[in-house]
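Since the structure comes first, as structure tokens, the remarks are kept for the end.
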Amino acid sequence: MIRITVVGAAGRMGRQVCQAILDEDGLSLVGAVDVAQKGKSLQQIAGLPCKLNITDNLEECLKQSKAEVMVDFTHHTAAMNNIRTAASSKVSVVVGTTGLTEDDLKEIGELAKQNNVGAIVAPNFALGAVLMMVFAKQAAKYFKNLEIIELHHEKKIDAPSGTALKTAQDIADVYKDIKDRGEGSQSLSGVRGGKIGGVRIHSIRLPGLVAHQEVIFGHQGQTLTIRHDSSDRTSFMPGVVMAIKTVQERKGKLVYGLEKLLDL
Ligand code: NAD
């Protein structure tokens, strides 16, 4: 049994992760950490068949529960401290929190090496979203004009989404000849979106949405749209479970992106 502590356990993703761990053979939920809902049980806050109480002391929780893996779905301002605490407690980490910087990722790699723990960070744990990124990168070899529209629920804090950033960055890293059609003459500031290496990103936040992305390629006489929709947070769970099951086999380094766990 792999012993897991979930941080952000009272949040939307955290509750779902706790449920997925409880449902999966070979996984054992031993800790639930959150700065909110302290002292309440997972049964009380999420109706889960589990009497674990939420604590706000991660270090103590990891120690007492003898956790082997920490899963973090919190906030970009909180995740790095949680990761430092886990790594120094020799606990491997699976991180879904978005909004981490290049420097953060570098530090996670160093922490994994120094403490000989595994670290998997994925801005999107939905298999379909990962395939969308892979297919977009393939299409960019031939189609040099593209823009990204990402659409998320109104409570998402960071913009653009980690998935949109990674899609744009992956393409920009490989193809230096992507054509940006420029700002044009704008009567409304920001209307052409933000830009990474020639790839424009437009962020939409609305109630009723979960997580969606379109990569639109324009070419002579044709367009190609590659779109992924997560209509439910359960879409992320097979990827999270896969990462939990394999993270301890990858001690000493950072794995960034779910695609690295797949046979593509
Ligand atoms: P949420 O606001 O519902 O939940 C976040 C939880 O973290 C809250 O309960 C909050 O109290 C808790 N928290 C904040 N700081 C903390 C700290 N220092 N220690 C412990 N707990 C702390 O948000 P959410 O919708 O569940 O999203 C969480 C994160 O996951 C966001 O960064 C979001 O973008 C990301 N996300 C990633 C994926 C993916 O596939 N990688 C999918 C969806 C969401």
Side-chain angles (χ1 to χ4, degrees), residues 5-20 31-40 42 44-46 48 52-62 67 70-86 91 93-101 104-105 108 119-133 150-167 203 205 207 209-213 228-244 247 255-262:
T5 284
V6 175
V7 193
R12 288 175 292 254
M13 285 298 287
R15 291 173 196 215
Q16 202 75 61
V17 171
C18 289
Q19 171 85 67
V33 178
D34 204 298
V35 288
Q37 309 275 14
K38 184 184 168 186
K40 293 197 183 141
L42 286 173
Q44 281 174 297
I45 64 158
L48 299 182
L52 269 181
N53 284 338
I54 301 269
T55 168
D56 62 357
N57 189 332
L58 174 60
E59 192 172 358
E60 194 59 30
C61 178
L62 292 174
M70 177 196 83
V71 180
D72 188 288
F73 278 90
T74 58
H75 189 269
H76 64 272
T77 55
M80 282 312 294
N81 267 341
N82 298 336
I83 295 163
R84 288 181 197 114
T85 302
V91 172
V93 298
V94 170
V95 181
T97 304
T98 57
L100 301 182
T101 64
D104 291 337
L105 294 174
I108 297 171
I120 297 176
V121 179
N124 200 321
F125 275 107
L127 179 57
V130 170
L131 292 175
M132 175 255 305
M133 288 191 256
E150 59 96 343
L151 311 91
H152 282 82
H153 58 91
E154 81 285 12
K155 295 201 174 70
K156 183 167 176 62
I157 300 156
D158 51 320
S161 70
T163 304
L165 278 173
K166 189 165 190 312
T167 310
S203 296
R205 297 288 173 269
L209 295 168
V210 180
H212 317 259
Q213 179 167 302
H228 175 259
D229 298 276
S230 279
S231 44
D232 192 282
R233 286 188 180 83
T234 54
S235 63
F236 303 112
M237 294 308 122
V240 174
V241 167
M242 187 191 290
I244 292 171
V247 68
V255 175
Y256 181 61
L258 185 66
E259 67 279 12
K260 304 268 170 51
L261 306 184
L262 304 176

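Keep in mind it's a predicted model, so treat the numbers as computed, not measured. When a ligand or atom number is given, it counts from 1 through the structure's own listing order.
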Using a strict 4.0 Å cut-off to heavy atoms of [X], name the atoms of ligand 1 that fall inside it.
{"X": "A10", "value": "9 (O)"}
{"X": "K156", "value": "34 (O)"}
{"X": "A36", "value": "11 (O)"}

Is the shortest N/O to N/O distance between [X] and ligand 1 below 3.5 Å?
{"X": "V33", "value": "no"}
{"X": "P123", "value": "yes"}
{"X": "V7", "value": "no"}
{"X": "F125", "value": "yes"}
{"X": "H153", "value": "no"}

Starting from [atom], which protein heavy atom do you reach first, and at what distance in Å?
{"atom": "atom 27 (O) of ligand 1", "result": "M13 CG, 4.1 Å"}
{"atom": "atom 31 (C) of ligand 1", "result": "T74 O, 3.7 Å"}
{"atom": "atom 35 (C) of ligand 1", "result": "G96 O, 3.6 Å"}
{"atom": "atom 18 (N) of ligand 1", "result": "A78 CB, 3.2 Å"}
{"atom": "atom 3 (O) of ligand 1", "result": "R12 N, 2.9 Å"}
{"atom": "atom 9 (O) of ligand 1", "result": "D34 OD2, 2.7 Å"}
{"atom": "atom 14 (C) of ligand 1", "result": "V35 CG2, 3.9 Å"}
{"atom": "atom 4 (O) of ligand 1", "result": "G11 CA, 3.3 Å"}

*Are the side chain of K260 and the backbone of Y256 linked by a donor-acceptor contact shorter than 3.5 Å?*
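Present.
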Within the side chain of T97, is there an N or O that forms a donor-acceptor pair under 3.5 Å with the backbone of T74?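 Pair found, side chain donor or acceptor close to backbone of T74.
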| Does the side chain of S231 pick up a donor-acceptor pair with the side chain of D229 at under 3.5 Å? |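 No donor-acceptor contact under 3.5 Å links the two side chains.
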* Is F236 touching ligand 1 with its side chain, its backbone, both, or neither, if touching means heavy atoms under 4.0 Å apart? ->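 Side chain only; the backbone of F236 stays clear of ligand 1.
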> For N82, which of D72, V95, V93 qualifies under side-chain contact (heavy atoms from CB on, under 4.5 Å)?
Replying inline: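 Among D72, V95, V93, the one meeting side-chain contact (heavy atoms from CB on, under 4.5 Å) with N82 is D72.
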I want to check something: taking the side chain as every heavy atom from C-beta on, are E60 and T55 in contact at a cut-off of under 4.5 Å?
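No, every pair of side-chain atoms sits at 4.5 Å or beyond.
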Quick one: does A122 get a heavy atom under 4.0 Å from ligand 1?
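A heavy atom of A122 does come that close to ligand 1.
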Discussion item. Just to be sure I'm reading this right: ignoring hydrogens, which of I157, T163, T98 gets closest to atom 33 (C) of ligand 1? Compare them by their nearest heavy atoms.
Written reply: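 The option holding the nearest heavy atom is T98.
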